[in-house]
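See structure below.
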Amino acid sequence: MSIKNTLYAILFIFLTIVVASVFLNNKSSSSKVYKNELLIHTLGDATGLNPYTVSDATSRRYVIPNLMQTMLYYDLSTMKLVPVLAIGLPKIKESDNTIELTYQIRPEAAWDNGTPVTAKDVVFSYKAILCPKVNSDNIKSAVDYVRDIITYPEDSKKYTVICN
């Protein structure tokens, strides 16, 4: 057998292996079994769990909403505000220089230990955001319009936010 014929034989075997591997890979991927899973990929890891100090998109969009409840939620499918911890949308009272938003917290709203969520918890949250020792610069501007919060001794689940 000549060298030329040997090279042709090696080339033929090489091409046969390549074609067979491509064919087998295509065949195996078409018969792949899929599970009932949803995989969500994010651009990065969450940087923290404190809703007042995190500023990255992954924490704000995916992690914090699954850890903390808000009074209202903006439903992207209906484009409307939906009550979560609040019984309903706030009652709004407008005057010349202020707007008052009165919320009523759901009676069943409770912390993990069973303690009810009260208006005092809401006041604490606002104070924590505005505390100079808390690194919450990324959200301070979102609450700097709040002038005062009124709580009601006769109803621990009712409060009014007075805004500029």
Side-chain angles (χ1 to χ4, degrees), residues 25-164:
N25 282 340
N26 286 341
K27 183 151 178 93
S28 67
S29 66
S30 65
S31 63
K32 185 175 182 179
V33 177
Y34 293 95
K35 298 177 185 177
N36 289 331
E37 292 179 349
L38 172 65
L39 299 175
I40 299 174
H41 295 277
T42 61
L43 295 176
D45 293 334
T47 60
L49 299 176
N50 186 334
Y52 306 140
T53 60
V54 295
S55 60
D56 64 287
T58 301
S59 297
R60 304 252 9 113
R61 179 73 177 115
Y62 297 109
V63 177
I64 300 303
N66 289 302
L67 294 177
M68 308 286 183
Q69 295 296 316
T70 56
M71 289 296 144
L72 306 173
Y73 171 75
Y74 188 73
D75 186 351
L76 295 174
S77 62
T78 62
M79 305 298 272
K80 294 183 180 183
L81 284 173
V82 178
V84 179
L85 281 179
I87 288 177
L89 297 178
K91 292 183 177 121
I92 302 172
K93 179 181 170 187
E94 295 184 53
S95 66
D96 291 339
N97 297 329
T98 62
I99 296 175
E100 296 180 9
L101 305 167
T102 302
Y103 289 89
Q104 185 72 36
I105 301 170
R106 291 182 184 276
E108 65 270 17
W111 295 99
D112 291 344
N113 65 0
T115 306
V117 175
T118 66
K120 288 182 180 180
D121 297 317
V122 174
V123 172
F124 176 84
S125 295
Y126 277 101
K127 287 181 178 181
I129 292 169
L130 298 173
C131 178
K133 298 279 186 180
V134 175
N135 184 17
S136 60
D137 293 338
N138 59 317
I139 62 169
K140 279 184 184 174
S141 62
V143 296
D144 65 355
Y145 61 88
V146 175
R147 184 185 295 175
D148 196 10
I149 300 175
I150 299 171
T151 58
Y152 300 89
E154 68 278 1
D155 187 352
S156 66
K157 292 195 170 267
K158 180 179 177 182
Y159 67 96
T160 299
V161 180
I162 301 174
C163 308
N164 291 332

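The structure presented is a predicted model; accordingly, all values stated were derived computationally and were not measured.
- The stretch residues 147-158 participates, sequence neighbours left out, in these side-chain hydrogen bond (donor to acceptor under 3.5 Å, both in side chains) pairs: Q104-D155, R147-N164, Y152-T160.
- Qualifying salt bridge (charged side-chain N to carboxylate O under 4.0 Å, His left out) partners for D137, counting only residues two or more places apart in sequence or in other chains: K140.
- By the side-chain contact (heavy atoms from CB on, under 4.5 Å) test, D56 pairs with T47, V54, T58, S59, sequence neighbours left out.
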Table please: side-chain donor-acceptor pairs of residues 108-118 below 3.5 Å, with sequence neighbours left out.
from	atom 1	to	atom 2	distance (Å)
W111	NE1	D121	OD2	3.1
N113	OD1	T115	N	3.0
N113	OD1	T115	OG1	2.9
N113	ND2	T115	OG1	3.3
T118	OG1	K120	N	3.3

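- A ring-ring contact (aromatic ring centres under 6.0 Å, His included) check over residues 46-70, counting only residues at least two apart or in different chains, returns nothing.
- Counting only residues at least two apart or on different chains, no ring-ring contact (aromatic ring centres under 6.0 Å, His included) pair has a member in residues 72-98.
- Partners of Y126 according to the side-chain contact (heavy atoms from CB on, under 4.5 Å) rule, which considers only residues two or more places apart in sequence or in another chain, are V122, V143, V146, I149, V161.
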Could you go through residues 81-99 and list every donor-acceptor pair under 3.5 Å that involves a side-chain atom there, pairing it with any protein atom two or more places apart or in another chain?
from	atom 1	to	atom 2	distance (Å)
S95	OG	T98	N	3.4
S95	OG	T98	O	3.4
S95	OG	T98	OG1	2.7

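- The side-chain hydrogen bond (donor to acceptor under 3.5 Å, both in side chains) check on S141 picks up nothing, with sequence neighbours excluded.
- Take Y103 and apply the ring pair (Phe, Tyr, Trp, His ring centres under 6.0 Å) test, not counting sequence neighbours, and it matches Y159.
- Atom-to-atom distance recorded for L49:CG and I64:CD1 is 6.0 Å, nearest 0.5 angstrom.
- Contacts of K80 classified as salt bridge (charged side-chain N to carboxylate O under 4.0 Å, His left out), with partners at least two apart in sequence or in another chain: none.
- The line from CZ of R60 to CD1 of I139 is 5.5 Å long, rounded to the nearest 0.5 Å.
- Around the CG atom of D75, the shell of radius 6.0 Å holds more than 12 heavy atoms that belong to other residues, nucleotides or ligands.
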